[in-house]
Student: 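Below is the structure I would like to discuss, written out as structure tokens.
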Amino acid sequence: MSDLQRVAAWADALIAQHLDPAWTFGFDNAKRRAGQCDYRRTRISVSRYLAARHDDESNHQTLLHEVAHALAGPAAAHGPAWKRIARELGYVGGTTHDGETAIELAPWIGTCPAGHVVYRHRRPSRPSSCVRCARTFDRRFLLAWVRREITAADRRAAATPR
Ligand SMILES: [Zn+2]
Ligand SMILES: [Zn+2]
């Protein structure tokens, strides 16, 4: 369960860090898709219903997915340019707008001193700090990484609709 105010604060921080100031954030009333990038209105939105049900890391992933769309532009769709940007931002999911299953399949788990958890498919090559504790790199909030085993059973479980 996520506090919506917190989700909005991360969204504002991501927009300030990566996007043109014309971009704004808001919640929408979608029931099925977690997030949306509206290029015409330069607006990123997240479903208030799903955000309230998802945990913090899922919501953060949804935001990264949409910020990557905003950076890559509409023509990129979910192609290689979008994917590269999304990975750089720390998005571990696929091309769907539901970040939940992706987390189950990312072997690298990073934990900050405050206990926030992030997921990656690869071990980060540089030290990175927790984006929830500090907007920019800060040694006080370094992430400590551990690798876990992802089994075939995990992959099947993640692929099974819930
Ligand atoms: Zn997308
Ligand atoms: Zn943290």
Side-chain angles (χ1 to χ4, degrees), residues 1-19 23-51 54-103 105-106 108-121 123-124 126-146 158-159 161:
M1 280 271 295
S2 248
D3 169 2
L4 294 187
Q5 298 234 8
R6 240 178 9 238
V7 176
W10 298 332
D12 289 341
L14 284 167
I15 287 170
Q17 210 176 326
H18 299 289
L19 300 178
W23 284 85
T24 57
F25 172 78
F27 289 102
D28 63 48
N29 297 317
K31 298 287 199 309
R32 282 156 170 258
R33 56 127 188 84
Q36 186 177 43
C37 176
D38 185 334
Y39 297 100
R40 199 175 46 80
R41 298 168 63 202
T42 55
R43 183 175 171 85
I44 285 168
S45 59
V46 162
S47 156
R48 76 179 79 251
Y49 295 103
L50 294 177
H54 290 169
D55 64 17
D56 283 351
E57 181 55 17
S58 295
N59 286 323
H60 196 251
Q61 286 288 311
T62 299
L63 288 171
L64 294 179
H65 183 119
E66 305 308 336
V67 169
H69 276 309
L71 282 167
H78 291 120
W82 171 83
K83 205 163 199 170
R84 182 173 40 75
I85 291 167
R87 288 289 180 260
E88 277 167 17
L89 290 174
Y91 179 66
V92 294
T95 56
T96 68
H97 289 242
D98 176 359
E100 279 197 293
T101 56
I103 287 167
L105 297 176
W108 287 96
I109 303 175
T111 311
C112 86
H116 297 128
V117 178
V118 298
Y119 300 85
R120 295 284 186 278
H121 284 299
R123 180 181 203 136
R126 286 169 295 176
S128 48
S129 62
C130 178
V131 294
R132 286 175 220 151
C133 290
R135 277 188 183 205
T136 54
F137 180 76
D138 187 328
R139 291 219 156 259
R140 290 174 299 166
F141 305 111
L142 275 184
L143 295 164
W145 295 96
V146 292

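All ligand and atom numbering here is 1-based and tracks the order in the structure.
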Student: May I ask you to check whether H65 and H78 place their ring centres under 6.0 Å from each other?
Tutor: yes

Student: Consider side-chain contact (heavy atoms from CB on, under 4.5 Å). Of L19, V67, I15, which one does F25 pass it with?
Tutor: I15

Student: Please report, to 10°, the angle around the Zn ion (ligand 1) from atom NE2 (H65) across to atom NE2 (H78).
Tutor: 120°

Student: Less than 4.0 Å between a side-chain N and a carboxylate O, is that true for D28 and R33?
Tutor: yes

Student: With a cut-off of 2.8 Å, does any N, O or S atom of C37 fall short of it relative to the Zn ion (ligand 1)?
Tutor: no

Student: Taking the Zn ion (ligand 2) as the vertex, what is the angle from SG of C130 to ND1 of H116, given to 10 degrees?
Tutor: 100°

Student: Flag the pair R43 and E66 as a salt bridge only when some basic side-chain nitrogen lies within less than 4.0 angstrom of an acidic carboxylate oxygen.
Tutor: no

